[in-house]
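Both ligands and their constituent atoms are indexed starting at 1 by order of listing.
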Amino acid sequence: MSLLKKLLLTFSICHLTSSIFSQEVYTYARKIVDTMASQSMHGRGYVNGGDSIAANYLKNEFKKIELKSFDEDYYQKMNFAINTFPNESPVLITKYIDGVWVPGKNYLVSAGCPSIIKQKKLQAVWFDSATVNSLDLMKKFTSRRFNNKWIIIDPHGVTNADKLKLFDFMKANNYGAYGIAIVNDKKLTWTCSQKVNTYPSIEILIDDTLRKKIDKTKMCYINLSNKSQFVPNHQSQNVIGYIQGSVYPDSFIVYSAHYDHLGQMGKDVYFPGANDNASGCAMLLNLATYYSKPENKPKYSIAFMAFCGEEVGLLGSKYYTENPLFPLKNIKFVFNMDIMGTGEEGITVVNGTVFQKEFDKLKAINTENKFIKDVKIRGKSANSDHYHFSEKGVKAFFIYSMGGIKAYHDIYDRPETLPLNEFENMFKLITKFGESLQQ
Ligand SMILES: [Zn+2]
């Protein structure tokens with residue numbers, strides 16, 4: 001065979017294996033995201049046992065991949081308090097939209113919203129640009145008590161930083177009002193709460209179309225119903241498995257991703273959490289699959305950690321670092337993945353400036369192989385599960401993908417709109433960087 005023919009053949013074989021391999025990665029990722037973000041997992045939170053269903057799914061995947069377990073069943077159990085919404089979805093009635101507002105789409109009750117025992121139609125007063133632009137109105141407003149009224153806090157049109165602080169101040173002080181409604185003109189963003197607030201609060205979406213219908217000179221009412229349930233001792237669990245290293249079994253590389261999301265706001269509204277963080281779990285399971293193949297057997301042990309309670313306040317990873325299954329000092333590196341579903345704009349590396357040498361390596365690998373558009377550096381941030389590790393002196397990165405859809409902590413973070421278009425490239429970058437961690 002001529003040299004040229006040989007080269008061509010090698011090239012086509014390489015090309016073929018790499019595309020089969022990629023297809024496998026993508027197909028598995030798609031299956032995981034579709035499953036974990038489906039209605040059957042109830043937003044992987046605290047209604048209908050969503051977080052436990054997700055943990056059980058991960059456990060079964062770990063079993064299929066034949067990961068080892070530190071305990072019998074991969075679970076590290078823990079408890080925490082959480083405010084939940086297992087009952088009928090909250091109902092909001094105001095005069096600006098015909099009929100009833102749609103929960104999740106038009107409004108959210110705050111995660112710490114208490115139950116409303118007796119539903120009341122109450123007058124609402126506006127705290128808005130007109131209020132903060134007039135010293136007189138400000139004085140009047142702050143000297144009042146608002147018993148049996150709602151305050152609608154509407155920062156629309158205000159850009160002055162000092163004046164914006166007044167809105168933050170109002171959000172924290174209700175001046176005796178029955179409830180607070182916070183206006184957002186772009187998107188609604190939900191969260192989790194470990195406590196029950198002393199008064200009801202909601203976030204309402206007023207986009208340009210709705211804003212045109214609003215006449216603030218006319219009397220306005222809010223009528224809200226909500227039934228929440230505080231659970232002081234909810235049991236959840238981290239799901240942890242590992243592959244033993246062939247040369248340094250006591251030394252670990254850790255890959256992590258949180259599997260929990262926000263759950264449900266009432267019976268009918270669930271938060272799918274496809275990007276945040278079914279996509280990270282998909283990467284975690286793909287990495288576990290990859291390293292479990294005999295040809296990829298690692299020198300250092302690799303632990304795969306799927307954390308619970310991240311959205312509640314990094315609870316699973318915090319618990320892990322306080323109750324580690326092997327000494328934290330035996331961890332060579334933690335690679336945390338959260339929001340891996342897009343990537344048109346590349347990735348950002350949190351703790352990149354803290355562990356500059358490792359960042360430079362990751363960046364160089366990407367530049368050399370042209371996997372993704374950009375590897376952006378960022379400093380320290382307590383925004384995902386890497387945080388408690390690096391606070392305890394363990395080297396840790398947190399990477400998230402950038403660009404594409406903007407759904408985040410809302411009902412639109414759905415599997416069918418999550419592209420996973422750079423997923424394989426990110427997978428290649430992570431495994432290539434993994435080679436350097438295994439040195
Ligand atoms: Zn997340």
Check: Would you say Asp338 has an N, O or S atom lying under 2.8 Å from the Zn ion (ligand 1)?
Finding: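 Yes, Asp338 qualifies, because one of its backbone or side-chain N, O or S atoms lies under 2.8 Å.
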**Study point:** N, O or S of His261 under 2.8 Å from the Zn ion (ligand 1)
**Key:** no
Cation-pi, Tyr300 ring and Lys332 (6.0 angstrom, 45 degrees):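 That pair qualifies as a cation-pi contact.
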Side chain to side chain donor-acceptor pair (under 3.5 Å) test vs Asp51 passes for just one of His261, Gln237, His234, namely His234
Write the atom name of the N, O or S atom in Asp276 that is nearest the Zn ion (ligand 1).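 Of all N, O or S atoms belonging to Asp276, OD1 is the one nearest the Zn ion (ligand 1).
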Considering only NZ, NE, NH1 and NH2 on the basic side and carboxylate oxygens on the acidic side, decide whether Lys363 and Asp360 come within less than 4.0 Å.
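The answer is no: the pair does not qualify as a salt bridge.
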*Main-chain N/O of Met337 paired to Tyr255 side chain as donor or acceptor, under 3.5 Å*: no
